Amino acid sequence: MLKFYGYNTVNSLKILMCLLETGIDYDFIPINIRKGEQHNSHFRALNPAGKVPVIADKGHILAESNAILLYLAKKANWGLTKSAENIDIINTWLFYQASSQGPYFGQVEYWSAIAKAPNADALTHYRSIAQTSIAYLNRHLENQNFLCANVYSIADIALFAWINECDHLGLSLQKDHNVARWSETIKQRPATIKALDFFDNKSIFVTKKPTE
Ligand SMILES: N[C@@H](CCC(=O)N[C@@H](CS)C(=O)NCC(=O)O)C(=O)O
């Protein structure tokens, strides 16, 4: 069975949302990155970068959450991955998420919640860039419900995970109604509800799966 190594993080949330949407069977293996388990030799053998999420499927080991999303969607034949035109659009969003949205939001998290020496300039700077990326997403969602071909896909999953942290990061969706509507729609999907419940659950370190 596919093994999913993860923790309560935005990038692991993407993978759980996709596994639950596609119905692929899996074993969840918690890697407590706050206790440094990502540096254990066993885990480093899977991902020398020492980061979650990682999957192992019949000997095939894969890291990088967006690469994993693509792998899972193709494996399950889920969503839009059969059309070349759609896969180009999806890839564009996956690269945008990994190279822009993720790092911007990550900096906001760092300067708002992690940095030992506060830096108001850095926080303001990265919040402003993150808000600009939300506005960009908002324009794209003006006349459509989802990011690609108006069908829910891994592109939406990838972008949703950080948008779901906006409150916690002091970012606002008030002016970005399309993003707020899109995010609410995704939050109401049964797979999203189960995935969010699972990672909110304090018993995350007991290997278990969300109930069907
Ligand atoms: N680009 C990677 C980022 C993975 C990543 O940064 N994982 C973090 C948690 S979200 C992690 O494992 N951090 C542990 C560490 O850096 O020691 C992805 O999309 O999977």
Side-chain angles (χ1 to χ4, degrees), residues 2-22 24 26-57 60-75 79 81 87 90-116 122 126 129-130 133 137 147-148 153-171 186 192 195-202 204-205 207:
L2 183 146
K3 289 190 169 65
F4 162 34
Y5 301 82
Y7 190 67
N8 183 6
T9 69
V10 286
N11 290 311
S12 293
L13 174 67
K14 295 174 188 174
I15 306 311
L16 186 54
M17 286 171 69
C18 189
L19 285 166
L20 293 169
E21 287 286 351
T22 55
I24 294 171
Y26 63 94
D27 269 335
F28 177 67
I29 297 149
I31 301 297
N32 187 339
I33 60 170
R34 297 204 173 87
K35 284 192 182 153
E37 288 176 8
Q38 72 275 30
H39 305 304
N40 293 350
S41 55
H42 172 70
F43 185 73
R44 286 272 169 168
L46 297 172
N47 184 10
K51 301 210 182 273
V52 290
V54 170
I55 62 163
D57 189 22
H60 183 54
I61 295 161
L62 198 56
E64 285 299 321
S65 57
N66 292 350
I68 298 172
L69 288 180
L70 266 174
Y71 175 85
L72 296 177
K74 284 184 184 164
K75 178 182 169 81
T81 45
I87 208 77
I90 287 176
N91 276 333
T92 303
W93 282 112
L94 296 181
F95 276 89
Y96 174 77
Q97 195 285 320
S99 63
S100 298
Q101 190 219 35
Y104 301 152
F105 278 61
Q107 287 291 323
V108 177
E109 183 185 39
Y110 179 78
W111 290 111
S112 62
I114 299 171
K116 290 196 176 79
Y126 284 108
I129 300 180
S133 87
L137 193 57
L147 288 172
C148 179
S153 74
I154 53 174
D156 301 288
I157 292 179
L159 275 290
F160 168 81
W162 269 118
I163 292 292
N164 188 47
E165 297 296 324
C166 277
D167 280 355
H168 160 71
L169 297 174
L171 298 170
I186 296 174
T192 312
L196 289 170
D197 279 356
F198 181 66
F199 280 131
D200 279 340
N201 194 309
K202 298 288 180 284
I204 183 172
F205 301 114
T207 303

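Here the structure is a predicted model, which is why all the values come from computation and not from measurement. We're numbering straight along the sequence, starting at 1. Whatever order the structure lists them in is the order used to number ligands and atoms, beginning at 1. Both backbone and side-chain heavy atoms feed into the values below; hydrogens, waters and symmetry mates do not.
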Does Glu37 have any side chain to side chain contact (heavy atoms under 4.5 Å, CB included) partners at least two apart in sequence or in another chain, and if so, which?
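For Glu37, the residues satisfying side chain to side chain contact (heavy atoms under 4.5 Å, CB included) (neighbours in sequence not counted) are Ile31, Asn32, Asn40.
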List in chain and number order the residues that pass salt bridge (charged side-chain N to carboxylate O under 4.0 Å, His left out) with Lys3, two or more places apart in sequence or in another chain; answer none if no residue qualifies.
none
Using every non-hydrogen atom in the two residues, find where Val52 and Ser12 come nearest and quote the distance to one decimal.
CG2-OG, 3.9 Å
Determine the minimum heavy-atom distance between Cys18 and Leu69, stating which atoms define it.
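Here Cys18 and Leu69 meet closest at CB-CD2, 3.6 Å.
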Does the plane of the ring in Phe28 sit parallel, tilted or perpendicular to the ring in Phe199? Use 30° and 60° as the thresholds.
perpendicular
Is it the side chain (CB and beyond), the backbone, both or neither of Glu64 that lies under 4.0 Å from ligand 1, heavy atoms counted?
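It is both parts that get close, each with some atom under 4.0 Å.
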Of all protein heavy atoms, the one nearest atom 13 (N) of ligand 1 is Ile33 CD1, 4.0 Å
No-hydrogen, no-angle side-chain donor-acceptor test under 3.5 Å, Asp57 and Tyr71:
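Yes.
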To which of Lys51, Gln97, Glu109 does the heavy atom nearest atom 6 (O) of ligand 1 belong?
Lys51
For atom 7 (N) of ligand 1, tell me which residue out of Thr9, Val52, Asn11 has the closest non-hydrogen atom.
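Heavy atom nearest to atom 7 (N) of ligand 1 belongs to Val52.
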Using a 4.0 Å cut-off to any heavy atom of Gln38, which atoms of ligand 1 qualify?
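Those of ligand 1 that fall under 4.0 Å from Gln38 are 14 (C), 15 (C), 17 (O).
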Ligand 1 to Pro53, heavy atom cutoff 4.0 Å, flagged ligand atoms 20 (O)
Side chain or backbone, does Lys14 bring an N or O within less than 3.5 Å of an N or O on ligand 1?
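No; the residue has no nitrogen or oxygen that sits under 3.5 Å from a nitrogen or oxygen of the ligand.
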Ligand 1 N/O within reach of Ser65 N/O, cut-off under 3.5 Å
yes
